[in-house]
Amino acid sequence: MESNTLMTSHTTPSPHAHHVEQRLTELEIKVSYADDLLDTLNQQVARQQDQIELLLREVSRLRQRGDIGESPTQRDPRDELPPHY
């Protein structure tokens with residue numbers, strides 16, 4: 001008779017087992033969203049790194065050309081942003 005009781009407990013999920021299964025499902029969903037967010041953020045960081053590298057090359061090119069690194073008195077005032085910007 002004990003074997004029937006054990007068999008019944010395995011075939012019929014207890015309320016606790018159902019609750020644990022529900023929590024596990026919710027956690028799996030959250031992990032899935034976190035993985036998706038992580039992938040999205042990684043892509044964004046990669047794009048930003050590409051932009052940074054492009055900007056560094058541009059700054060280097062401008063320095064070689066002589067547009068950057070000159071004294072402040074040689075700057076054109078029209079290139080400066082007003083203080084409220």
When rounded to the nearest 0.5 angstrom, what is the spacing between CZ in Arg23 and CD in Glu21? 13.0 Å

NZ/Lys30 to OG1/Thr25 distance, rounded to the nearest 0.5 angstrom?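 Going from NZ on Lys30 over to OG1 on Thr25, the span is 12.5 Å.
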
Candidate pair Glu58 and Arg61, rule salt bridge (Lys or Arg N to Asp or Glu O under 4.0 Å), full reasoning: CA-CA 5 Å; Glu58 182 68 14; Arg61 187 185 65 77; 2.4 Å; yes

Can Gln44 and Arg47 be said to form a side-chain hydrogen bond (donor to acceptor under 3.5 Å, both in side chains), step by step? CA-CA 5 Å; Gln44 182 65 29; Arg47 282 192 298 270; 2.7 Å; yes

With no hydrogens and no angle check, is any side-chain donor or acceptor of Thr40 less than 3.5 Å from a backbone partner on Asp36?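 Answer holds: yes.
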
Kindly indicate whether the side chain of Glu53, heavy atoms from C-beta on, has any atom under 4.5 Å from the side chain of Asp50.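 Heavy-atom side-chain distance check passes, below 4.5 Å.
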
